[in-house]
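Order of appearance sets the numbers: ligands from 1, and atoms from 1 within every ligand. These numbers come from the heavy atoms of this one structure, side chains and all, not from hydrogens, waters or symmetry mates. The structure presented is a predicted model; accordingly, all values stated were derived computationally and were not measured.
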Amino acid sequence: MASHSGAFSLVALCLLLEVVLRGTAETLVPAVFVFGDSTVDIGNNNFIEKCDIGCKANYPHFGVDYLNHTPTGRFSNGYNLADQLAQLLHFDESPPPFLSLSNASLKTRMSTGISFASGGSGLLDATGNGRVCTQVFSMTEQVRNFTKLARKWGRADLISKSLIFISTGSNDLFEYTDFSDHNSNRNDTVFLESLVASYTSFLKELYGAGAKKFTVASPSLVGCCPSQRAIAHDPKNPRDIDEYGCFAAPNNLSRQLYPMIATMLHDLSLELPGMNYTLVDSIKILEWVFYNTVIPSSNFTVLDTACCGGGPFGADGCNSSAPLCQDRSNHLFWDEYHPTAAATGAAAKLIFDDTTGLFTHPINLQQLVEL
Ligand SMILES: *[C@@H]1O[C@H](CO)[C@@H](O)[C@H](O)[C@H]1NC(C)=O
Ligand SMILES: *[C@@H]1O[C@H](CO)[C@@H](O)[C@H](O)[C@H]1NC(C)=O
Ligand SMILES: *[C@@H]1O[C@H](CO)[C@@H](O)[C@H](O)[C@H]1NC(C)=O
Ligand SMILES: *[C@@H]1O[C@H](CO)[C@@H](O)[C@H](O)[C@H]1NC(C)=O
Ligand SMILES: *[C@@H]1O[C@H](CO)[C@@H](O)[C@H](O)[C@H]1NC(C)=O
Ligand SMILES: *[C@@H]1O[C@H](CO)[C@@H](O)[C@H](O)[C@H]1NC(C)=O
Ligand SMILES: *[C@@H]1O[C@H](CO)[C@@H](O)[C@H](O)[C@H]1NC(C)=O
């Protein structure tokens with residue numbers, strides 16, 4: 001009897017172990033750590049008291065297509081790019097917001113990932129803080145908090161196999177365009193170089209804490225989002241527009257910045273042993289949609305107007321009393337700044353298994369995680 005029940009518990013234990021192991025071994029990387037702005041924030045800003053309402057997304061219509069139609073802090077109708085990339089790596093969704101975790105749970109969460117992303121933040125500490133959002137969780141703080149935790153945790157082996165996903169830089173371009181419009185002394189090259197220098201130091205800090213695999217999403221054509229189209233087409237003060245009908249000035253900055261980021265990452269990977277990366281060319285992805293090439297399994301027909309929001313281009317802001325479009329699957333933009341879940345879902349698929357070499361350099365995400 002004793003040996004019988006012993007055999008039984010052994011079987012039960014094996015079954016249990018199998019479930020546990022399969023549950024964890026299924027993901028393609030041990031953990032995902034997310035850094036950046038509202039394109040990937042999943043609720044950190046909810047926990048920043050001084051962060052004003054315009055920099056939060058924890059009220060309807062945000063989340064209208066998320067589980068139970070819940071607004072979570074995601075600047076989207078549903079899952080955002082961080083969620084969708086995490087799902088392609090076999091996680092349920094993005095790792096949880098750092099600021100939502102207790103000290104006790106931080107340690108256990110390190111083994112599967114944490115999101116440090118904060119809407120409104122940028123590569124420069126000043127971005128978001130004060131001028132636009134009152135207070136955000138800056139990239140400097142995001143990176144420092146991660147490296148501090150990583151050192152305390154002491155599992156550089158697991159961190160080196162995990163994915164660092166960063167999406168930042170757009171807010172720096174928005175604010176620079178907004179605030180330096182009439183500044184004749186402005187020197188775009190000097191400004192863009194300061195962004196790249198800042199990016200370099202963040203990547204080095206992350207590498208110093210054990211990170212080896214990086215996916216970096218470059219800022220897209222930020223002048224094409226509804227808020228910037230509305231500025232450019234303001235009849236009282238019209239600005240130069242480009243071939244897509246977008247605000248030319250910020251798009252010009254994005255186009256100059258991309259090759260600078262590409263060179264920086266290439267050089268850094270030669271300098272830092274074992275570093276590998278996927279650089280996402282977000283400009284190419286957007287242009288592909290504009291050129292009306294069909295992104296696999298999508299059908300965008302509304303490319304310039306927000307789904308949620310009133311006014312020209314739907315750019316007056318999303319809230320519970322704002323107009324909401326019926327079909328979120330054919331809109332490129334959810335609100336005045338952010339893409340729909342349909343758009344980021346299509347982008348995530350391209351990032352994961354781009355075989356054309358047009359959208360990811362030098363390798364796609366699938367190749368990166370397999371290294
Ligand atoms: C959490 O940890 C930080 C530093 O690691 C400490 O400053 C803080 O007091 C801790 N919070 C609690 C509630 O223990
Ligand atoms: C960690 O984040 C908090 C904000 O929640 C910030 O006050 C603190 O300065 C950060 N720590 C570091 C080392 O940057
Ligand atoms: C901008 O700064 C760079 C580097 O300092 C300099 O080479 C360039 O001439 C400047 N451009 C303008 C338009 O002042
Ligand atoms: C940006 O604008 C400047 C003139 O303002 C132009 O010389 C340059 O070619 C543009 N760059 C890009 C990448 O469009
Ligand atoms: C990965 O990184 C190593 C060293 O940094 C480099 O030699 C190798 O070519 C990279 N692999 C790919 C596929 O880029
Ligand atoms: C494409 O549009 C049709 C009609 O609006 C919709 O039913 C379908 O779900 C869309 N496809 C995707 C992949 O979103
Ligand atoms: C709600 O959104 C509408 C349309 O975008 C806008 O006109 C209105 O000012 C917003 N309301 C608040 C309280 O922000």
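- Which parts of ligand 2 touch F137 is read off a 4.0 Å heavy-atom cut-off, strictly below it: atoms 2 (O), 4 (C).
- Between N145, V136, V143, it is N145 that holds the heavy atom closest to atom 2 (O) of ligand 2.
- Each of the following atoms of ligand 2 lies closer than 4.0 Å to a heavy atom of L99: 5 (O).
- Close contacts of ligand 7 with G310, meaning ligand atoms under 4.0 Å from a residue heavy atom, involve 4 (C), 5 (O).
- Contact detail for F290 and R229: the closest heavy-atom pair is CZ-NH2, 3.7 Å.
- The R144 neighbourhood of ligand 2 comprises atoms 12 (C), 13 (C), 14 (O), with distances under 4.0 Å to a heavy atom of that residue.
- The nearest pair of heavy atoms linking A249 to T177 is CB-CG2, 4.3 Å.
- With a 6.0 Å radius and a threshold of 12 heavy atoms from other residues, nucleotides or ligands, E243 has its CD atom above the threshold.
- At under 3.5 Å, not a single nitrogen or oxygen of T189, backbone or side chain, sits near a nitrogen or oxygen of ligand 3.
- Within the listing of ligand 7, atoms 5 (O) sit less than 4.0 angstrom from a heavy atom of G309.
- Just one of S170, S227, S38 meets the side-chain hydrogen bond (donor to acceptor under 3.5 Å, both in side chains) condition when paired with H338; it is S38.
- Near G317, meaning under 4.0 Å from any of its heavy atoms, are these atoms of ligand 7: 2 (O), 4 (C), 5 (O).
- The nearest protein heavy atom to atom 9 (O) of ligand 7 is not closer than 4.0 Å.
- More than 12 heavy-atom neighbours from other residues, nucleotides or ligands sit within 6.0 angstrom of CG on D267.
- With hydrogens left out, the protein atom closest to atom 7 (O) of ligand 2 is E141 OE2, 4.1 Å, a heavy atom.
- The aromatic rings of Y244 and Y291 sit perpendicular to each other, their planes meeting at more than 60°, with 30° as the lower class boundary.
- In terms of protein heavy atoms, atom 13 (C) of ligand 3 is closest to N187 ND2, 4.6 Å.
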